Amino acid sequence: MKVTDTPRRIVDAAITGYQRHISPRKGYRCARGALHGDQTCSAAVRGIIRERGVIRGIRPSVMRFVACYQAAALLKLVPETATIRDGGA
């Protein structure tokens with residue numbers, strides 16, 4: 001194991017802990033994942049960190065969270081009975 005792998009493993013373990021113990025108890029799903037039928041932010045960030053490492057993964061991780069915030073704002077504008085994919089019909 002290289003020294004540079006240690007931060008990556010620590011962050012990966014923290015995200016895994018979040019996914020197993022905290023996320024199931026929240027009662028809601030990642031807004032971006034719900035809006036686009038995509039993976040959740042924690043799963044996406046976990047993949048980013050695994051692929052790029054902690055330092056190089058900061059910017060794309062932040063961008064993912066910004067996209068999730070924007071998706072949450074968009075979902076607030078759409079009535080609950082409508083879906084984005086079917087145009088609300």
Side-chain angles (χ1 to χ4, degrees):
M1 175 172 81
K2 295 185 286 184
V3 174
T4 57
D5 287 340
T6 302
R8 188 181 312 209
R9 289 176 186 231
I10 291 170
V11 172
D12 188 64
I15 293 171
T16 299
Y18 167 80
Q19 289 174 326
R20 287 187 185 157
H21 303 290
I22 296 172
S23 186
R25 291 171 176 80
K26 287 187 323 190
Y28 58 91
R29 185 170 187 240
C30 155
R32 188 186 181 288
L35 182 65
H36 297 290
D38 199 4
Q39 62 185 181
T40 63
C41 285
S42 61
V45 169
R46 188 173 181 204
I48 290 168
I49 298 302
R50 282 181 170 176
E51 180 182 318
R52 299 179 183 206
V54 175
I55 300 300
R56 291 187 333 195
I58 290 173
R59 181 175 294 224
S61 296
V62 168
M63 296 305 295
R64 176 66 185 219
F65 291 129
V66 168
C68 192
Y69 175 79
Q70 292 170 338
L74 182 61
L75 287 172
K76 287 181 183 178
L77 298 174
V78 177
E80 278 191 45
T81 57
T83 63
I84 300 300
R85 290 194 184 125
D86 67 9

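Quantities reported herein were computed from a predicted structural model and do not represent experimental measurements. What you see below is based on every heavy atom in this structure, not just the backbone, and it leaves out hydrogens, waters and symmetry mates.
- Minimum heavy-atom separation, Ala71 to Leu35: CB-CD2, 3.8 Å.
- Between His21 and Arg25, the shortest heavy-atom distance links the atoms O-NH1, 2.5 Å.
- No side-chain heavy atom of Tyr69 sits under 4.5 Å from any side-chain heavy atom of Arg64.
- Not a single donor-acceptor pair under 3.5 Å links the side chain of Arg32 to the backbone N or O of Ala67.
- Considering every non-hydrogen atom in both Leu75 and Ala31, the closest pair reads CD1-O, 3.8 Å.
- Other cluster members for Ile48: none, since no ILVMFWY side-chain heavy atom sits under 4.5 Å from it.
- When every heavy atom of Asp12 is checked against every heavy atom of Arg46, the shortest pair comes out as OD1-NE, 2.7 Å.
- Using a 4.5 Å cut-off between side-chain heavy atoms of Ile, Leu, Val, Met, Phe, Trp and Tyr, with links allowed through other members, Phe65 and Val54 fall into the same hydrophobic cluster.
- Distance alone, capped at 3.5 Å, is enough to place a donor-acceptor pair between the Arg56 side chain and the Arg52 backbone.
- Contact detail for Tyr18 and Pro24: the closest heavy-atom pair is O-CD, 4.2 Å.
- Separating the CE atom in Met63 from the OG atom in Ser61 is a distance of 11.0 Å, to the nearest 0.5 Å.
- Within a 6.0 Å radius of NZ in Lys76, no more than 12 heavy atoms belonging to other residues, nucleotides or ligands are found.
- Here Arg8 contributes atom CZ and Ile55 contributes atom CD1; the two are 11.0 Å apart, rounded to the nearest 0.5 Å.
- A donor and an acceptor atom, one from each side chain of Thr40 and Arg29, are nowhere located under 3.5 Å apart.
- As a member of the Ile/Leu/Val/Met/Phe/Trp/Tyr network built from side-chain separations under 4.5 Å, Tyr28 groups with nothing else and remains a singleton.
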